[in-house]
Structures are given as C-alpha cells and as structure tokens.
Amino acid sequence: MYISDINNVKNSKQVNDVRGWVDTIRHHGGLLFFELRDHDSKVQVVTDKPDEFDNIKNEYYVSVTGNLIKRQKENINSDEEYGDIEIELETLNVISQSKVLPFQIEDGIEVDEQIRLKHRYLDIRRNEMKNNILARSKTFRSIREAMNKIGIDEIDTPTLIKSTPEGAKDFIVPSRKSPGSFYALPQSPQMYKQLFMLSGLKNYYQIAKCYRDEDSRKDRQPEFTQLDIEIANGDPEIVQDIIEKTMKHLLKSVYSIKIKTPFKRISYKESLMLYGTDKPDLRISETIQDLTNIFKDTDISFIKNTINNKGSVRGFILDKLLTRSEIDNLDKTIKEEGSAGLGWFKVTDNEISGPLTKILKDNEIKEIKKYNNSTIIFQAGASVETASILDLIRREIYVPNETEQYKFIWVDEFPYFEFENGELQPSHHPFTSPKNTEEFNKNPENATALHYDLVLNGVELGSGSQRINDPNIQTSVLSKWGLTESEIEQRFGWFIEALSYGSPQHAGFAIGIDRLIAEMVNADSIRDVIPFPKTQSGLDPLTNAPARLSEEDLLEYSLQVDLDEDE
Ligand code: ASP
C-alpha cells in the first residue's frame, strides 16, 4: 500500500506492506528510526530492535508491516502530513537494494549539474525536481482543458520532414532507403499547421516538440516543447484573445494565480524607446528618459557630437545616491557589453559631482540641480545603439516589484527584416504577412510585419503572426529575403503551390512551454523543468547521446564520417 492509504486504516492498528524508499536513518537511545518515503508522502518508522534491521540502507526499496501508533505530543512533526503517527516495525522486506548514492535525495543540494543529469532518475526523486515535473504534467493537462473549452482541435504533425526555416540549423536524419538524402527534424510545425488551414480545418493545436541545432546559448535546449496554435480566418486580435484565455485558465488552475486580461500592448519601437528591449520587464515601472534637453547647448564634446548627429542622451534619474563603487561596478558591467562607459552626475545637497562636472555650463548646472539627492545616469548616441545598454542599466539599478509577479505584455509592429551577421533575416519567419504589401515591395528593409510576441517578466514566452495566404506575396517575400527563383522553387515550391488553391486568411502562435513552467515555478534554468534535458553543449550525460555510429552502421546509411584525428 501507499502511505496515503494509511488514512483508510487509521482505526485499525496494523498496516501491511507499506512500500517506499528508506530515507534518513537515525539511531537514538537504543531505537532505530527511518523515514519511509513513497511517491507522495513520508512516514516515520521506528523499532526497538535495531539489530534485527541493521541491513537496511538509504534508498533501499522496502515493504514494511507494523503497528500504527500515535506519536507523543512533543514528538509530533506538524510540517509533515503524517507527522502525528509512526509505524512500529514488525517485518521489513527489502524489495530492491541501492548502491551508494552519488548525491543525497533532498532539496537544495549543491551538486554539479552534470552529475545530477547523469543520474536524472535519482535527481527526480528529490521533491523540488519531482514537483517541477508534476507542474509540467499539470500544465499540459490545463492547456488541453483550455483548448477543449475554446474548441480548438488537437492534431499532430510529422517529425521527419523537409526543412522548416525558423532561423536555426536543422537536425538532420539520414534515410537508409534513400542513400544520400536526409530528413530534417522540425524546427516547428509551422508549414504543416498552415497546411491544415489550407486543408479546410478550422483550427489546430499541438503540444509539439521542436528541434533547433543552435549554438549553445544560455537557457536554450536543442529539443523543446511548444504549445502550437493556428486559427483559420484568424488575425492577431483573435489569436491573442485565445492565448490570453489559455494563460488565464492555466495560471489559475495550476498555480492559483489570477491575472488580468487583456494584456498590455506595445509596439516594438515604443518598447525599445521606453525599455531598451523588445522583452520588457514591467515589474520595473521606471522607463528610459530622454535627457537630451538638459544638454542642448553643451560643451561636452561627445554629447555635442551625438546631438549634432541626430542622436540623443537617454538614461535614468535615480532618486537615490549611488555609491562610488556601485557606479564603478555599473560602468564595468556596461563596458563589458560594448558601452564606452557610464555617463553620470550625482546631486548631493545641491552639489553636483561626476567626471564631467567641471565642463558643465550654467544652464546645465541649473537643470541638473533640479534633481537634488539623485543620481543621473545616461548614455549618448543613436537610440538604437544605446538601447541594449540602457536595458541592462535599467535591470541593474532597479529591483523588480515582486508583489506584482506576473506582468504579461504583447509586443507587436516588429520590423519585417533584421540584419544578422550582415544578412537580412526575417525577424519572425518568412511566412509572416507584411503589414502592408505595397510598402513591403517598395522598401522591404523598413517594412513592418504582422508579428507579435508575448513577454512575461522580461522573458519572451512565444511568438506568432498573421500568415501570408497569397502565393505571389509568399514568393515575393522569399525573394526579398534573398532566395533565387530556383531556390524558392526547390525549397518552397510545394508550399507555394498549396497556397494556390483558395486559401483562407490564417494566423497563429506558439508558446515555449518549458520557459513558461520555468517562470512559474521560479526555476533557475529551463533544464530544471525538463525531465531529461541536454547540457548546454547539447549532450545527454545519462545516455551519452549523441553517439558515434559503427563503421557497419555508417555503411548501411551510406554515410562516411571525416573527422580530424583529435576531434
Ligand atoms: N512557428 C513559430 C515559432 O516557432 C510560431 C508561429 O509563428 O506560430 O516561433
């Protein structure tokens, strides 16, 4: 029986075959105690014949029979559900022994993550990890409830596919039957979910695995899980409304958190101006301020040059006096991120200090003195260039308001393309509809996309867009992206053809479920909410995947591997 079944026998004195792991063995005054821990509870077991049971060790899986006794008042542990009783041991049957553990099965251990991942099945025995994995299960269940309630159909899509571009490299799978040809694992089900809309399905959702062979970036996994949605006749408002309803249901049912909808909305440009980022953390209410006016006739040469070149001076007026070492640390942090340095003034009892104080003009002194007992922090330059540094400063100098825990915001009006390593890349994916096709065709580099992101507490939870449903526009977007006619035909000809038989308008979204759960359970990393994650370098220490193939296997797949000796 499980420990929780004790509730049904509490009146009878005997409990039989209670199964669990031996946890925390203690000897005390001729008595032997241990905690019996099963899948969801713990109960204390005690015997006054320690010698009869001296074979038991931590994490042995055992079956216990004995008398149920009430603990003396002073021995009651009110933190534990079964802290008022204990089992007086009669017989103990060892079902399975345990080797010496690589780490203790308890919360808050400080063990190298590599070792935890190598023994993930032991790691998940620990309460904090088990609860994370169960939060995952509850999240899936709640998503399905919300989808059923709204009336969205769960449909699956293949995972052996032809490449879908989402801005990363594909994982590829060789095919034994087609030597020299490869499937790709989906970076997302994007094209399939659109095909459903062209197939006459009204809507779609899937809790989908996505695979992206990215360079290791903090808190990314090569394999992750999305709630993927597509809606026929959908537009951004319809999709956002569905996502808001889903989040509301999920947070309430799994985490007992009430949130207000509709979520706030901000354009990409405004977000950069106010927060320096397209992932603003609204738990910090302070925004970037334009301080250019203070310096409009300045003699400070770098500021003068900035203003002459149509740049601006932006920053924060902090209503407290930072210490010199706080300023120096901030200066160091932003220099590491490419800033030339921190601009600052302090006004202490109407006295200005700071490296530029001596060259201030009278009117600047007057303006700055308005902020008595404050620290003025700034960056001068083009606003697109100073944005990311000001975002960093904002997150360094202000502490998020923890009482307002869940601050969602929609960010929209993204530029269609962005430059990545000198190349034009869609800021979402190339199936996103331009906001205005004429403008897009005239000036694609400055065009806006019908693309929207959902951000929670400074973390991008997901992205979506209205899709292109016209084969000509699709072709034109792919060609503005830089693909030649034959590349378009070869990679996307089949998809453009599918768009050519009367295709409804459609829009959709995908939420990163791992990231969402990590936010909700306050995990340090998404790896803590994924049962069997990979390390930052994409390896699985438990199974040692990925692994090399034998020469024989390689031959069967018509593959030849050419590695440097020392690789
Ligand atoms: N497929 C997109 C992604 O994975 C989401 C979407 O546009 O629906 O980011």
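Remember, predicted model here, so these are calculated numbers, not experimental data.
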(request) Look at R527 together with D514 and state whether they make a salt bridge at an N to O cut-off of under 4.0 Å. (result) no
(request) Go through the steps for I152 and I231 under the test side-chain contact (heavy atoms from CB on, under 4.5 Å), then give the verdict. (result) CA-CA 9 Å; I152 305 187; I231 309 292; 4.0 Å; yes
(message) Quick test of your reading of the model: are R120 and D540 salt-bridged, counting only N-O distances below 4.0 Å?
(response) no
(request) Please work out whether the ring planes of W410 and F263 are parallel, tilted or perpendicular, with thresholds of 30° and 60°. (result) tilted
(request) Going by the side-chain contact (heavy atoms from CB on, under 4.5 Å) test, name the single residue among I3, N16, L89, V15 that passes it with V64. (result) L89
(request) Mind checking the CG-CZ spacing from L450 to F414? Nearest 0.5 Å is all I need. (result) 12.5 Å
(request) Report the distance from atom OG of S503 to atom CG of L195, rounding to the nearest 0.5 Å. (result) 10.5 Å
(request) Find the distance between CD (E337) and CD1 (I393) and round it off to the nearest 0.5 Å. (result) 11.5 Å
(message) Just checking Y398: does its OH atom have more than 12 heavy atoms from other residues, nucleotides or ligands closer to it than 6.0 angstrom?
(response) yes
(request) Rounded to the nearest 0.5 Å, what's the gap from CG on L282 to OG1 on T287? Could you check? (result) 11.0 Å
(request) Measure from the side-chain N and O atoms of D219 to the backbone N and O of S525, and report whether any donor-acceptor pair falls under 3.5 Å. (result) no
(message) Does either side chain, that of E244 or that of Q240, offer a donor lying less than 3.5 Å from an acceptor on the other one?
(response) no
(request) Please tell me if the side chains of V111 and H119 come closer than 4.5 Å, counting only heavy atoms from C-beta onward. (result) no
(message) Looking at K42, is its backbone amide N or carbonyl O close enough to the side chain of E80 to form a donor-acceptor pair, meaning the two atoms are under 3.5 Å apart?
(response) no
(request) Would you check, one step at a time, whether the test side-chain contact (heavy atoms from CB on, under 4.5 Å) holds for F34 with L92? (result) CA-CA 12 Å; F34 66 85; L92 180 139; 3.6 Å; yes
(message) With a 3.5 Å distance limit and no angle check, can you tell me whether S199 reaches the backbone of L201 through a side-chain donor-acceptor pair?
(response) no
(message) Whether E128 and R126 form a salt bridge (side-chain N of Lys/Arg under 4.0 Å from carboxylate O of Asp/Glu) is what I want to check.
(response) yes
(message) Could you check whether E556 pairs with R176 (Lys NZ or Arg NE/NH1/NH2 to Asp/Glu carboxylate O, under 4.0 Å)?
(response) yes
(message) Show the nearest heavy-atom pair for residues D23 and R37, with the distance to one decimal.
(response) OD2-NH1, 2.9 Å
(request) State, yes or no, whether a side-chain contact exists between V254 and R141 at a heavy-atom distance under 4.5 Å. (result) no
(message) Tell me if the CD atom of E402 is crowded by more than 12 foreign heavy atoms within 6.0 Å.
(response) yes
(request) Report yes or no: do Q206 and T157 form a side-chain donor-acceptor pair below 3.5 Å? (result) yes
(request) Taking all non-hydrogen atoms of both residues into account, name the closest pair between I511 and M247 and its distance. (result) CD1-SD, 3.7 Å
(request) Check whether more than 12 heavy atoms from other residues, nucleotides or ligands sit under 6.0 Å from atom CG of D112, and answer yes or no. (result) yes
(request) Looking only at non-hydrogen atoms, find the nearest pair between L117 and L542 and report the distance. (result) O-CB, 3.5 Å
(message) In the structure I gave you, are the side-chain heavy atoms of F408 and L461 within less than 4.5 Å of one another anywhere?
(response) yes
(message) Quick check for you: to the nearest 0.5 Å, what is the distance between D40 atom CG and N127 atom CG?
(response) 10.0 Å
(request) Please confirm whether the backbone N or O of G234 pairs with a side-chain atom of Q505, one donor and one acceptor, at under 3.5 Å? (result) yes
(message) Counting only heavy atoms not in Y255 (residues, nucleotides, ligands), do more than 12 fall under 6.0 Å from its OH?
(response) yes
(message) Assess whether a salt bridge exists between K138 and E145, defined as any Lys/Arg side-chain N lying under 4.0 Å from an Asp/Glu carboxylate O.
(response) no
(message) Salt bridge check, D228 against K193: does any charged N sit closer than 4.0 Å to a carboxylate O?
(response) yes
(request) Kindly give the heavy-atom pair with the smallest separation between P280 and V411, and that separation in Å. (result) CD-CG2, 4.2 Å
(request) Measure the shortest side-chain to side-chain distance between Y82 and I87 over non-hydrogen atoms and say whether it is less than 4.5 angstrom. (result) no
(request) Find out whether the Lys NZ or Arg CZ of R467 is both under 6.0 angstrom from the six-membered ring centre of F431 and within 45° of the ring's axis. (result) no
(request) Can you see which heavy atom on K169 is nearest to which on Q187, and at what distance? (result) C-NE2, 3.7 Å
(request) Might you confirm whether atom NZ of K209 has over 12 heavy atoms from other residues, nucleotides or ligands at distances under 6.0 Å? (result) yes
(request) Check I530 against I133 and note the closest heavy-atom contact, atom names and distance. (result) C-CD1, 4.1 Å
(message) Return the CG to CZ distance between L516 and R136, rounded to the nearest 0.5 Å.
(response) 10.5 Å
(message) More than 12 heavy atoms of other residues, nucleotides or ligands under 6.0 Å from CD of E336: yes or no?
(response) yes
(request) Without swapping roles, check the side chain of R394 against the backbone of D281 for a donor-acceptor pair under 3.5 Å. (result) yes
(request) Could you walk me through whether S142 and K252 pass side-chain contact (heavy atoms from CB on, under 4.5 Å), step by step? (result) CA-CA 10 Å; S142 172; K252 183 147 182 264; over 6 Å; no
(request) Look at the side chain of R19 and the backbone N and O of D38, then say whether any donor-acceptor pair between them is shorter than 3.5 Å. (result) no
(message) Does either side chain, that of T432 or that of Y452, offer a donor lying less than 3.5 Å from an acceptor on the other one?
(response) no
(message) Under 3.5 Å, is there a donor on one side chain and an acceptor on the other for S63 and D17?
(response) yes
(request) Check whether any side-chain heavy atom of D153 lies under 4.5 Å from a side-chain heavy atom of N203, and answer yes or no. (result) yes
(message) Contact between Q44 and R71 at the side-chain level, heavy atoms closer than 4.5 Å - yes or no?
(response) yes
(request) Start with the C-alpha gap between H451 and Y268, add the side-chain angles, then the distance that decides, and say whether side-chain contact (heavy atoms from CB on, under 4.5 Å) holds. (result) CA-CA 10 Å; H451 154 203; Y268 170 83; over 6 Å; no
(message) Surrounding CD of E110 (heavy atoms of other residues, nucleotides or ligands, distance under 6.0 Å), is the total greater than 12?
(response) no
(request) Check whether the side chains of Y2 and N7 place a donor and an acceptor atom closer than 3.5 Å, and report yes or no. (result) no
(message) Counting neighbours of NZ on K118 that are heavy atoms of other residues, nucleotides or ligands and sit closer than 6.0 Å, is the number greater than 12?
(response) no
